[in-house]
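Just so it is clear, the model here is predicted, and its values are computed rather than measured.
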Amino acid sequence: MDEADKRAVETLYCLILHRNDLSGRIVTYHNYYNVVLRTKILRQIQKSGIYVLNLLFADNNNYKRLRRNIWKKFADVGVKVSEIMHPSMYEAFFDNLAEEDYMDDIFQMNFSVTNKNGLSMLKNCSQPYYNVSDGERKTVGQPQEYNKTIYFVGPCFIYGQYVEDKNTIESLLQKKIRNTGYDIRVVNCGSLGYSQNFESMWARILGIDMKKGDILVIYFQSTIFPKMDNLNLCRILKRNAVKADWMVDVPSHCNHKVNELYAEAIFERLLPVLADNVQEHKENTKYNKDYIKILYIDRYFSDFNPLRYEKIGSIVMNCNPFTYGHRYLVEDALKIVDFLLIFVVEEDKSVFSFDERFVMVCDGVADMKNVMVVPSGPFILTQTSFPEYFVKASDEDLTENVENDVTVFAEWIAPPLNIKYRFAGQEPEDIVTNEYNIAMKKILPQYGIEFAEIPRKQIEGRYISGSKAREYLDSGNLEELKKLVPQSTLRILLCDETAGNRTKLLE
């Protein structure tokens, strides 16, 4: 295992620092790195002439009271707290807009996500109450001519999960701004999925073509960014004695009434900035907008010199768990290339966590030379770029999603790492994974990357598979499990308390 792998493992073991965030949670090394990086990016954006307003919910007693009242209203109707409200709660939630057909239509709005050039954004659509164009939800009342733009980026209430277009925070703010006579445009760049994948949200921020004098409004839950304008929305809720009936499961999943309060608070906070006359407006900002390089390449490959090797290959693996089949694929790849990069899928959508799977791979190839194991990051096989992979189901977007994912790899990941080969095992059973292989055969050669599909390893006439390994683990059939996974994987599979006496079989 080389030094890069050791650093990655150290990060993923989440070494505890002696510090807490505002909500009292322990901050790990991994999270601390993210906070430092995000702060650095925002400061660069500020220095380029962009005003940044950070929205947050800093935990306090009122927030906790609201959460308790939300739990109570669900308990009163005998259901668990979830993002799906019980119909008996509709009337109180919609307040003055409570009409049966309207309420049903709002809760049936179909939000979906697309991925373009590694950027996750809302998929374009046209519906009575929900419209998206070029990945931006419609802001009602935008001026045709404007002096500056306010960009909103964030999840849930930022894009308006439970309201129609005219009642998003952006549309309500746009109305207030126009009533004051300012020629300022408000743009809704919020998207589904940002709360689970903050890196994709940062990519969206860096991907916006902002000009000097523009304003950026962001939301990162409870994070306070030093030396920046931070607006604690908990204070707005407390000051207006907002009730739990206006919220779904958390205060950020709210109705139009709460959005009005948020829009008013944002307007008041930004009012001194709205009048600023920026002479350089419409000039390009000078901060680095290469989001894939900043958020991924620089993070994991800062010490990697691709010029040292003539043939660099790559494998993207989920390893749920790591088996002899995965090791066989690595061994075959090393017969062709002189250095191999193994990207471990970072999404926690599998039976085994990313941390577990990452360590399985690192330990499973620790004896091999010229192998580097890294997280796949927010741009390779993610929930937003290729959701079908994680549910193993085909849909109408499958072909488009797999081709987008492969194209991002070929255009943005492979060139700076000088990757000339990509390997994958043949997939005779899984339709979704096979579709991914088909896309690689089609797209990668167009970018000078050779795709090699290697026959899967068999044992006793059967393909080695992670699903079969999980089946043996669940049934306690360790003799058969040992045939499929190496000792390094077994140590991880059987290290928890639920394994009980099974660990004796490792001796």
Any side-chain heavy atom of [X] sitting closer than 4.5 Å to one from [Y]?
X: Glu347; Y: Leu381; answer: no
X: Cys319; Y: Val344; answer: no
X: Leu55; Y: Ile218; answer: no
X: Phe354; Y: Val345; answer: no
X: Tyr90; Y: Met85; answer: yes
X: Lys148; Y: Lys211; answer: no
X: Met210; Y: Thr149; answer: no
X: Cys189; Y: Ile208; answer: yes

Take Ile342 and Met317 through the side-chain contact (heavy atoms from CB on, under 4.5 Å) test and state the conclusion after the steps. CA-CA 7 Å; Ile342 301 177; Met317 291 181 168; 4.0 Å; yes
Can you check whether [Y]'s main-chain N or O pairs, donor with acceptor, with [X]'s side chain at less than 3.5 Å?
X: Arg204; Y: Leu119; value: no
X: Glu403; Y: Glu400; value: no
X: Glu346; Y: Pro375; value: no
X: Asn255; Y: Lys257; value: yes
X: Asp229; Y: Val52; value: no
X: Asn232; Y: Cys234; value: yes

Passes side-chain contact (heavy atoms from CB on, under 4.5 Å), Leu122 versus Tyr130? Steps please. CA-CA 11 Å; Leu122 291 177; Tyr130 171 58; 3.7 Å; yes
Run Phe352 and Met360 through side-chain contact (heavy atoms from CB on, under 4.5 Å) and show every step you take. CA-CA 10 Å; Phe352 301 100; Met360 286 181 200; 4.0 Å; yes
Check: [X]/[Y] side-chain N/O donor and acceptor closer than 3.5 Å:
X: Asn318; Y: Ser350; result: yes
X: His256; Y: Asp95; result: no
X: Asn230; Y: Asn54; result: yes
X: Glu164; Y: Tyr102; result: yes
X: Arg185; Y: Tyr151; result: yes
X: Asn131; Y: Arg137; result: no

Between [X] and [Y], which heavy-atom pair has the shortest distance, and what is it?
X: Asn117; Y: Glu411; answer: OD1-OE1, 4.2 Å
X: Tyr146; Y: Pro143; answer: CD2-O, 3.7 Å
X: Ser82; Y: Val248; answer: O-CG1, 3.8 Å
X: Cys254; Y: Phe157; answer: SG-CB, 4.1 Å
X: Phe343; Y: Ser314; answer: CE1-CB, 3.7 Å
X: Met121; Y: Asp134; answer: SD-O, 4.2 Å

Looking at the rings of [X] and [Y], which for Trp means the six-membered one, are their centres under 6.0 Å apart?
X: Trp202; Y: Phe220; value: yes
X: Phe152; Y: Tyr219; value: no
X: Tyr159; Y: Phe111; value: yes
X: Tyr162; Y: His253; value: yes

Aromatic plane relationship, [Y] with [X] - under 30° parallel, 30 to 60° tilted, over 60° perpendicular:
X: Phe57; Y: Tyr63; result: tilted
X: Phe301; Y: Tyr296; result: perpendicular
X: Tyr291; Y: Phe379; result: tilted

Counting neighbours of CD on Glu268 that are heavy atoms of other residues, nucleotides or ligands and sit closer than 6.0 Å, is the number greater than 12?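 Buried by this count: over 12 neighbours within 6.0 Å.
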Other residues, nucleotides and ligands only: do more than 12 of their heavy atoms fall within 6.0 Å of CG on Asn96?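 Yes, CG of Asn96 has more than 12 neighbouring heavy atoms, counting only those of other groups under 6.0 Å.
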Could you list the donor-acceptor pairs under 3.5 angstrom formed by side chains in residues 166-176, with sequence neighbours left out?
unit_1	atom_1	unit_2	atom_2	d
Thr168	OG1	Asp165	O	3.3
Thr168	OG1	Ser171	N	3.1
Thr168	OG1	Ser171	OG	3.3
Glu170	OE1	Asn188	ND2	3.2
Ser171	OG	Val140	N	2.9
Ser171	OG	Asp165	O	2.7
Gln174	OE1	Val186	N	2.8
Gln174	NE2	Ile184	O	2.8
Lys176	NZ	Glu264	OE1	2.7

Verify side-chain contact (heavy atoms from CB on, under 4.5 Å) between Ile106 and Phe94, making sure each step is shown before the conclusion. CA-CA 10 Å; Ile106 293 297; Phe94 282 94; 3.9 Å; yes
Would you please test Asp76 and Lys72 for salt bridge (charged side-chain N to carboxylate O under 4.0 Å, His left out) and show each step? CA-CA 6 Å; Asp76 288 344; Lys72 183 178 183 301; 3.1 Å; yes
Please determine whether side chain to side chain donor-acceptor pair (under 3.5 Å) holds for the pair Asp405 and Tyr436, giving the CA-CA distance in whole Å, both sets of side-chain angles, and the decisive distance to 0.1 Å. CA-CA 9 Å; Asp405 190 275; Tyr436 195 80; 2.6 Å; yes
Using a strict threshold of under 4.0 Å (side-chain N to carboxylate O), is an ion pair present between Asp214 and Lys212?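 No, this pair does not count.
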Applying side chain to side chain contact (heavy atoms under 4.5 Å, CB included), name anything that partners Arg239, two or more places apart in sequence or on another chain.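 Scan of Arg239 (side chain to side chain contact (heavy atoms under 4.5 Å, CB included), adjacent residues dropped) gives Ile236.
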